[in-house]
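Note sheet for the following structure.
Start at 1 and go down the list; that is how both ligands and their atoms are numbered.
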Amino acid sequence: MEIIRYQIGRSFGSDLAIIQEIRRSVGPTFPVTLRFSTWKQQDYTAKLAETPDEWAAIVVPLSEAGVDAFHISQRRYWEGEFGSELNLAGWTKKFTGKPTVTVGSVALNNSMVEMMQGFGGSAVDNLDRLLSGFERGEYDMVAIGRAMIANPDWVKRVQNGEPLKPYAVDMLKTLD
Ligand SMILES: Cc1cc2nc3c(=O)[nH]c(=O)nc-3n(C[C@H](O)[C@H](O)[C@H](O)COP(=O)(O)O)c2cc1C
């Protein structure tokens with residue numbers, strides 16, 4: 001945890017300068033989005049911030065420097081942050097007022113370890129939480145990775161209430 005904080009503190013000023021330069025280069029109307037990797041495959045407990053104030057201290061300056069929308073990576077989009085129901089995309093939107101993208105195990109229920117071992121699993125029921133988050137304005141967009149690799153017609157299947165194929169890591173070997 002301390003190492004992560006040190007890295008942020010050390011580079012944060014230059015991160016802001018990079019965003020400011022991107023904004024200057026692309027002009028005021030070109031949308032700038034920033035994807036945040038907030039967890040590590042090697043350490044699921046690693047966090048960039050432990051309190052809402054610490055998170056605000058990261059995202060508000062980035063927003064003011066020119067980020068228009070934030071894409072917040074979580075292992076599981078339905079997990080609330082800082083002991084609340086709000087996920088990290090929600091906290092980011094609350095502090096910055098900017099649109100956010102949520103992501104993380106949408107329509108999946110297998111853990112990362114199970115997935116790497118080849119076990120699949122689809123949990124369409126976790127879409128209820130996705131929809132209620134949209135309705136509450138917690139986030140504005142959603143990114144879907146593995147479930148869409150398994151189901152390139154994901155949108156049609158969900159719209160029609162058709163079953164989703166489970167994701168399995170072997171599917172990566174069949175991509176054209
Ligand atoms: C094997 C694997 C390792 C990942 N490692 C990380 C990571 O270390 N940090 C992170 O922020 N996201 C990580 N991700 C998340 C992806 O960057 C991406 O957000 C995600 O796969 C897309 O959503 P999905 O959960 O629908 O697949 C990982 C994903 C997979 C499948």
Side-chain angles (χ1 to χ4, degrees), residues 1-8 11-12 15 18-19 31-50 52 54-55 58-59 62-63 67-82 86-93 95-96 98-134 138-159 162-176:
M1 184 65 70
E2 290 308 313
I3 293 169
I4 294 169
R5 282 196 183 134
Y6 172 69
Q7 286 174 339
I8 291 171
S11 64
F12 199 45
D15 291 345
I18 290 168
I19 299 293
V32 174
T33 65
L34 181 70
R35 151 100 178 187
F36 249 110
S37 176
T38 59
W39 60 277
K40 294 205 294 181
Q41 193 183 343
Q42 299 81 355
D43 178 5
Y44 291 156
T45 65
K47 282 180 183 291
L48 293 174
E50 290 203 73
E54 286 181 5
W55 187 242
I58 295 172
V59 293
L62 288 166
S63 172
V67 173
D68 292 310
F70 291 88
H71 179 171
I72 306 294
S73 170
Q74 284 192 247
R75 268 180 79 210
R76 299 172 173 139
Y77 83 88
W78 60 85
E79 289 179 350
E81 199 63 43
F82 311 126
L86 207 58
N87 79 7
L88 203 53
W91 279 102
T92 306
K93 187 169 174 183
F95 284 131
T96 64
K98 299 284 174 71
T100 55
V101 184
T102 196
V103 67
S105 301
V106 173
L108 297 174
N109 66 358
N110 50 335
S111 76
M112 201 65 78
V113 173
E114 288 167 338
M115 185 202 72
M116 297 305 274
Q117 289 169 344
F119 294 102
S122 283
V124 182
D125 56 358
N126 80 22
L127 294 178
D128 290 346
R129 168 67 176 86
L130 191 69
L131 283 177
S132 64
F134 272 121
E138 190 174 356
Y139 35 75
D140 305 274
M141 289 165 271
V142 58
I144 301 171
R146 287 163 288 164
M148 270 206 161
I149 292 172
N151 302 272
D153 54 350
W154 192 91
V155 172
K156 185 171 77 60
R157 281 173 184 264
V158 171
Q159 271 177 338
E162 294 167 27
L164 293 169
K165 282 187 225 147
Y167 172 82
V169 76
D170 277 356
M171 289 177 176
L172 295 178
K173 297 177 190 161
T174 62
L175 293 178
D176 296 325

Within-shell test, Arg76 vs ligand 1, heavy atom, strictly < 4.0 Å: no
Heavy-atom gap Gly104 to ligand 1 smaller than 4.0 Å: yes
Shortest non-hydrogen contact between Val106 and Ala143, atoms and distance: CG2-O, 4.3 Å
Under 4.0 Å to a heavy atom of Arg35 - the qualifying atoms of ligand 1, by number: 12 (N), 16 (C), 17 (O), 18 (C), 19 (O)
Heavy-atom donor-acceptor pair, Asn151 side chain to Leu164 backbone, under 3.5 Å: no
Side chain Ser63, main chain Val59, donor-acceptor under 3.5 Å: no
Rounded distance (nearest 0.5 Å) linking atom OG1 of Thr38 with atom CD1 of Ile58: 10.0 Å
Ligand-side contact atoms (ligand 1) for residue partner Lys40, heavy atom cut-off under 4.0 Å: 8 (O)
Minimum side-chain heavy-atom gap Lys47-Glu81 below 4.5 Å: yes
Proximal ligand 1 atoms for Ser37, defined as those under 4.0 Å from one of its heavy atoms: 9 (N), 10 (C), 11 (O)
Subset of ligand 1 atoms that lie under 4.0 Å from at least one heavy atom of Arg146: 24 (P), 25 (O), 26 (O), 27 (O), 31 (C)
Exercise: do Ser105 and Asn126 side chains pair donor with acceptor under 3.5 Å: no
Interfacing atoms of ligand 1 (cut-off 4.0 Å, heavy-atom, Ser105): 24 (P), 25 (O), 26 (O)
Under 4.0 Å to a heavy atom of Val103 - the qualifying atoms of ligand 1, by number: 19 (O), 22 (C), 23 (O)
Donor-acceptor contact present, side-chain Thr33 to main-chain Ala69, <3.5 Å: no
Under-4.0 Å heavy-atom contact with ligand 1, by part of Ser73 that carries it: side chain
